[in-house]
Amino acid sequence: NVKIKVKQGQLNVVSSDGENYISRKMAEGVDTEGEITFCFEPFGVLSYIKSLDKNMIELDVKDGQVEIVHESGSFKIPMVDSNDFPQRKSETDTIDMNVSATMLRCWFLDGKDFATNNDQLRPILNGLHLYKEKDEMGCCASDGYSLFTDNLQYESVTEDFSVTVDSRCFKPITDAFASANDISMKIGKSSVIMKNADTTMMCALQEGRYPNFKSVIGSATGSVKVYVSKKDMVRTLNRCSLGANMLNYVELTVKNGNMELLSSDNDFNKGVSEMLQAETEIEGEFKIAFKINILMKILGKINSDKIYMCMNKPNTPCFIREWPDPTNTLYMLMPFNIG
C-alpha cells in the first residue's frame, strides 16, 4: 500500500517496504477540504489514472473507500487503516552534506551494473559503497570479478564516513531525483536520507565492513599498457562472441603495436581470430583472457573514443579508463583463467 496525507493544500504520498521509504509531496494543482490520512493499494489506481485524458480528478474518501471521480465516471477501491503503515525511524546523529544530483545519479546508474544485487554469502557487495576520506568523496561497486569506482575532491564536510546503500534503492533514487540539481544527504548509522524540494528518500544501509578495494586497485598502474579504439574493440568483441564456447571468453595477445583477439569452441569446430591495431607499451608478448560479456559491459560505460587498458600479469586485474582525457572513473576486470 501507499499512504496519502492531505493537509493545508498539499498532498503527500509515502511508500515503504519496511526498511526503505520514499515520500513525495505535491502542492500545485491540489485543492483540499479538511485533513485526512489513508492508505490504499496503488497499482490499479495508477493504471486507471494513466488511462484518463482528464487533467483533474477528485478523491472522495468516506465509508472505508476511496473513490476517484472524474467527469466521465469513477473508480472505487477499499481504504486501509494508515495506523498499520510502517513508521520511519529517524536518526539524530547524522553527517549532513549537499551533493550534486547529477553525480549521484551517475554513481548509482553505474553501480547497478557492478553490485552483486543478490549474493547472500557477501551481502555487503549487494549495494553501492559511499565513502569520504580526508578531502576525497567517492564510491565503489563490485561483484568480486569486476569493479567500478569514482571520486572527487570534497572539502565541505570534515567528518569521514563509510556506508553501503542497498541495491533495492538504486532505481528509486535515479527515478525520484531524475530532474534534481542538488540533493541534501543525512548519513546515519543504519540509513541515509536523501532530499530535495519535493522528494525525501530513506535508504537502508548494508551491515558490515566493505572490502578494502583501494588495496586491490592500488595506483592502477602496470607494465603492460594498451591504447585502442573503443568502437573497433566493441565490433571485434561482438564478432569474437560468435566463435566463443559456452564459457564465453576471449584471449588477447598484445605484441608489436597490435592486439590479437582469439575465441574458439573446439566442440563445434568454430572460432574467430582477428587483429586489432593498438598503441602498446610492452616488451615482448603478453597474453590474457577475459569474459566477453563483462568486458563489453565496461566498454559500454566508456564515453571516450579510445580506451586505456593497464595490466601486469595474466592472473592479475586489468584496469580500464577513458582516453586521452582520463577522469577519476576507473573500471577493473579480473582475467579469466584458461590454465
Side-chain angles (χ1 to χ4, degrees), residues 1-90 101-102 104-109 111-113 117-118 128 165-186 191-204:
N1 294 298
V2 296
K3 181 169 73 172
I4 306 291
K5 183 176 182 179
V6 182
K7 182 180 180 180
Q8 297 177 347
Q10 181 173 287
L11 185 146
N12 195 59
V13 184
V14 184
S15 178
S16 171
D17 63 3
E19 293 182 328
N20 307 289
Y21 293 76
I22 181 168
S23 172
R24 200 152 202 175
K25 60 184 179 183
M26 180 175 68
E28 185 177 350
V30 177
D31 183 19
T32 65
E33 294 181 5
E35 174 183 335
I36 191 171
T37 302
F38 57 94
C39 294
F40 62 82
E41 189 277 320
F43 300 106
V45 173
L46 182 61
S47 298
Y48 187 79
I49 292 176
K50 281 183 175 181
S51 70
L52 297 176
D53 296 327
K54 315 302 178 184
N55 289 326
M56 297 297 294
I57 61 172
E58 178 181 314
L59 294 180
D60 189 7
V61 183
K62 62 182 179 181
D63 301 329
Q65 281 190 322
V66 180
E67 184 176 10
I68 301 171
V69 182
H70 56 99
E71 58 185 52
S72 300
S74 66
F75 175 47
K76 292 182 179 181
I77 54 171
M79 185 174 66
V80 182
D81 188 355
S82 62
N83 292 321
D84 295 332
F85 196 83
Q87 298 297 311
R88 193 180 82 186
K89 297 179 181 179
S90 59
T102 301
L104 209 60
R105 283 195 300 269
C106 289
W107 285 0
F108 279 102
L109 284 170
K112 72 180 177 63
D113 292 325
N117 298 324
N118 58 3
L128 180 72
V165 180
D166 194 307
S167 61
R168 289 175 294 174
C169 298
F170 289 6
K171 190 176 188 305
I173 288 172
T174 54
D175 288 350
F177 299 108
S179 58
N181 294 318
D182 297 291
I183 297 175
S184 65
M185 296 177 61
K186 292 181 177 291
S191 65
V192 56
I193 295 177
M194 304 178 188
K195 186 176 182 180
N196 71 344
D198 59 5
T199 303
T200 301
M201 279 197 67
M202 188 187 82
C203 304

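Atoms considered below: every heavy atom in the structure, side chains included; atoms not considered: hydrogens, waters and symmetry mates.
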Determine yes or no for a side-chain-to-main-chain donor-acceptor pair under 3.5 angstrom, with D166 supplying the side chain and C169 the backbone.
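Looks like no, no N/O pair under 3.5 Å.
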
Is the backbone N or O of A204 less than 3.5 Å from a side-chain atom of N20, with the two atoms forming a donor-acceptor pair by type?
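A pair under 3.5 Å: yes.
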
How would you list all residue pairs meeting salt bridge (charged side-chain N to carboxylate O under 4.0 Å, His left out) that involve residues 64-74, not counting sequence neighbours?
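Counting only pairs at least two positions apart or across chains, the salt bridge (charged side-chain N to carboxylate O under 4.0 Å, His left out) contacts touching residues 64-74 are K54-E71.
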
Qualifying residues under salt bridge (charged side-chain N to carboxylate O under 4.0 Å, His left out), relative to K50, sequence neighbours excluded:
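Testing K50 for salt bridge (charged side-chain N to carboxylate O under 4.0 Å, His left out), a comparison that skips the adjacent residues, returns none.
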
Contacts of type salt bridge (charged side-chain N to carboxylate O under 4.0 Å, His left out), residue D81, not counting sequence neighbours:
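With neighbours one apart ignored, the set is empty.
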
Gap separating the [atom1] atom of [X] from the [atom2] atom of [Y], nearest 0.5 angstrom:
X    : Y    : atom1 : atom2 : result
I173 : L109 : CD1   : CG    : 10.5 Å
L52  : I57  : CG    : CD1   : 7.0 Å
R88  : T200 : CZ    : OG1   : 6.0 Å

Which residues satisfy the side-chain contact (heavy atoms from CB on, under 4.5 Å) test with V80, sequence neighbours excluded?
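In terms of side-chain contact (heavy atoms from CB on, under 4.5 Å), with neighbours along the sequence ignored, V80 is linked to N1, C39.
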
Under the side-chain contact (heavy atoms from CB on, under 4.5 Å) test, which residues partner D113, sequence neighbours left out?
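D113 satisfies side-chain contact (heavy atoms from CB on, under 4.5 Å) with K297, K301 only.
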
Could you pull out all residues at least two apart from F170 that satisfy ring-ring contact (aromatic ring centres under 6.0 Å, His included)?
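Residues passing ring-ring contact (aromatic ring centres under 6.0 Å, His included) with F170: F108.
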
Can you list everything that forms a side-chain hydrogen bond (donor to acceptor under 3.5 Å, both in side chains) with R24? Sequence neighbours excluded, please.
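With sequence neighbours excluded, R24 shows a side-chain hydrogen bond (donor to acceptor under 3.5 Å, both in side chains) to T199, given in chain and number order.
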
Apply the test side-chain contact (heavy atoms from CB on, under 4.5 Å) to residues K112 and T174: give CA-CA distance (whole Å), side-chain angles for both, the deciding distance (0.1 Å), then the verdict.
CA-CA 11 Å; K112 72 180 177 63; T174 54; over 6 Å; no

Is there any side chain to side chain donor-acceptor pair (under 3.5 Å) pair reaching into residues 4-16, and which pairs are they, with sequence neighbours excluded?
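Listed once each, the pairs are N12-S23.
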
Suppose the criterion is side chain to side chain donor-acceptor pair (under 3.5 Å): which pairs have a residue in residues 36-47, not counting sequence neighbours?
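Sorted result for residues 36-47: empty, none.
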
Contacts under 3.5 angstrom, residues 175-186 side chains, donor-acceptor by atom type, not counting sequence neighbours:
from: D175; atom 1: OD2; to: K171; atom 2: NZ; distance (Å): 2.6
from: S184; atom 1: OG; to: K195; atom 2: O; distance (Å): 3.2
from: K186; atom 1: NZ; to: D96; atom 2: OD2; distance (Å): 3.2

Sequence neighbours excluded - ring pair (Phe, Tyr, Trp, His ring centres under 6.0 Å) pairs with any residue from residues 44-67:
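Output for this query lists Y48-H70, Y48-F75.
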
